[in-house]
Amino acid sequence: MGEKPAFKDKSRFAPKPKAPKPRLPDDMDVLYGMHSVKEALANPRRRFHRIVATENAVQRLTEDGVNLPLAPELVKPEAIGRLLTPDAVHQGLYVEAERLPLLPLGKLPRDRIILALDQVTDPHNVGAILRSAAAFDVGGVIVTHRHSPEITGVLAKAASGALEHVPLAGVQNLARALTTLKDEGFAVIGLDSEAPEKMGDLPLKLPIVLVLGAEGRGLRPSTRELCCHLARLELPGAIKSLNVSNAAAISLYAVQQAITRT
């Protein structure tokens with residue numbers, strides 16, 4: 001019988017593990033993409049620590065009259081790609097900036113609609129909600145410190161610059177925050193696809209907090225109990241529930257129209 005071939009160590013041919021990306025401090029935001037970065041650069045409240053860009057991106061910013069607060073690190077596009085997830089569309093721009101401060105609950109304006117998110121955790125959805133909020137001149141978005149997404153580059157990219165225009169109010173407990181706002185005269189309106197009332201039929205006037213629940217689960221029972229009204233969007237088609245970011249945009253329009261009529 002022949003001898004078994006000696007075992008060959010092939011570990012040296014295995015791909016080497018990638019070095020982990022350095023974690024930024026919790027008070028720093030990563031922003032990427034032309035629109036998000038341009039809006040941030042135009043915000044005088046932003047403080048930038050690092051700008052990484054391609055020559056083409058810097059040229060576009062220069063042509064648009066955008067002034068850079070510090071010298072950019074000029075790199076090839078793939079160098080920026082290595083700083084982000086593989087599916088990130090960075091358009092040659094990456095910045096690290098100090099996070100904008102959260103707005104205290106007592107500073108929320110009374111002359112504009114306020115949004116509250118009840119455990120909406122997907123960063124794409126929250127970013128899209130912020131984009132709609134900016135379009136409808138929302139006065140602030142209430143999020144909880146837990147059960148809400150981190151302010152990541154994914155969220156900022158989906159928000160398409162809205163982080164610079166819509167303040168976030170962070171709270172420990174949403175029910176407690178809504179109770180405080182009710183005591184201060186805010187009407188709390190919860191969006192519920194099975195509610196008996198139509199959003200467009202409500203007799204609304206400011207100040208208003210519009211509360212959106214997580215996809216699938218919707219508003220939590222403790223949140224529902226605090227709502228002055230539970231209302232649905234009147235949808236004529238076969239599907240009666242929408243992605244939360246789409247529902248947010250339509251609800252904001254319906255509430256705005258209801259306020260205008262009263």
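- At a cut-off of 3.5 Å, with distance as the only test, a side-chain donor of H165 or E39 sits close to an acceptor on the other residue.
- The local environment of CD1 in I239 is sparse, with at most 12 non-hydrogen atoms from other residues, nucleotides or ligands closer than 6.0 Å.
- A donor-acceptor contact shorter than 3.5 Å is absent between the side chain of T223 and the backbone of L219.
- Here NZ of K157 is found 9.0 Å from CZ of R131. Values are rounded to the nearest 0.5 Å.
- V255 and V244 fall within the same hydrophobic cluster, defined by Ile, Leu, Val, Met, Phe, Trp and Tyr side-chain heavy atoms under 4.5 Å apart, directly or through other members.
- In this structure a side-chain-to-backbone donor-acceptor pair under 3.5 Å is present from N173 to A175.
- Side-chain contact of E197 with H229: a donor-acceptor pair under 3.5 Å is present, judged by distance alone.
- Proximity of a side-chain donor or acceptor of R99 to a complementary backbone N or O of M28 within less than 3.5 Å is detected.
- Between the CG atom in L155 and the CD1 atom in I129 there is a gap of 9.5 Å [rounded to 0.5 Å].
- Within the 4.5 Å cutoff, the side chain of R112 has no heavy atoms near those of the L206 side chain.
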Exercise. Would S251 and L210 satisfy side-chain contact (heavy atoms from CB on, under 4.5 Å), going step by step from the backbone distance to the final call?
Worked result: CA-CA 8 Å; S251 298; L210 176 61; 3.7 Å; yes
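- In this structure, a donor-acceptor pair under 3.5 Å is absent between the side chains of R146 and Q119.
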For this session: Check the pair N67, T62 against side-chain contact (heavy atoms from CB on, under 4.5 Å), reporting the backbone distance first and the verdict last.
Result: CA-CA 7 Å; N67 295 318; T62 302; over 6 Å; no
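- For R220, the salt bridge (charged side-chain N to carboxylate O under 4.0 Å, His left out) partners at least two apart in sequence or on another chain are D118.
- V154 places a side-chain heavy atom less than 4.5 Å from the side chain of H124.
- Note that CD1 of I142 and CG of L212 are 11.0 Å apart. Values are rounded to the nearest 0.5 Å.
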For this session: Determine, stepwise, if the pair Y32 / L84 fulfils side-chain contact (heavy atoms from CB on, under 4.5 Å).
Result: CA-CA 9 Å; Y32 60 83; L84 300 166; 3.6 Å; yes
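- When side chains are defined from C-beta on, L61 counts as touching L93, because their heavy atoms get closer than 4.5 Å.
- Looking at L105 and L108, their side chains come closer than 4.5 Å, going by heavy atoms from C-beta outward.
- Checking side-chain atoms of S36 against main-chain N and O of A156 turns up a donor-acceptor pair under 3.5 Å.
- With values rounded to the nearest 0.5 angstrom, E164 atom CD is found 5.5 Å from L100 atom CG.
- No donor-acceptor contact under 3.5 angstrom links the side chains of Q59 and E55, judged on distance only.
- Side-chain atoms of D64 never come within 3.5 Å of backbone atoms of V66 as a donor-acceptor pair (strictly under, hydrogens ignored).
- In E78, the CD atom is crowded: over 12 heavy atoms of neighbouring residues, nucleotides or ligands sit closer than 6.0 Å.
- With a 4.5 Å cut-off on side-chain heavy atoms, D29 and E96 do not count as touching.
- When side chains are defined from C-beta on, P69 counts as touching L41, because their heavy atoms get closer than 4.5 Å.
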For this session: Please lay out, stage by stage, how M199 and L191 fare under the test side-chain contact (heavy atoms from CB on, under 4.5 Å).
Result: CA-CA 8 Å; M199 187 71 75; L191 179 64; 3.7 Å; yes
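- Between L115 atom CG and F136 atom CZ the span is 10.5 Å, to the nearest 0.5 Å.
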For this session: Please test R46 against E98 for salt bridge (charged side-chain N to carboxylate O under 4.0 Å, His left out), starting from the C-alpha separation and ending with a verdict.
Result: CA-CA 7 Å; R46 280 287 190 184; E98 293 178 19; over 6 Å; no
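- Ion pair R232/E234 flagged as a salt bridge, since at least one NZ, NE, NH1 or NH2 atom sits closer than 4.0 Å to an Asp/Glu carboxylate oxygen.
- Note that OG1 of T85 and NE2 of H90 are 10.0 Å apart. Values are rounded to the nearest 0.5 Å.
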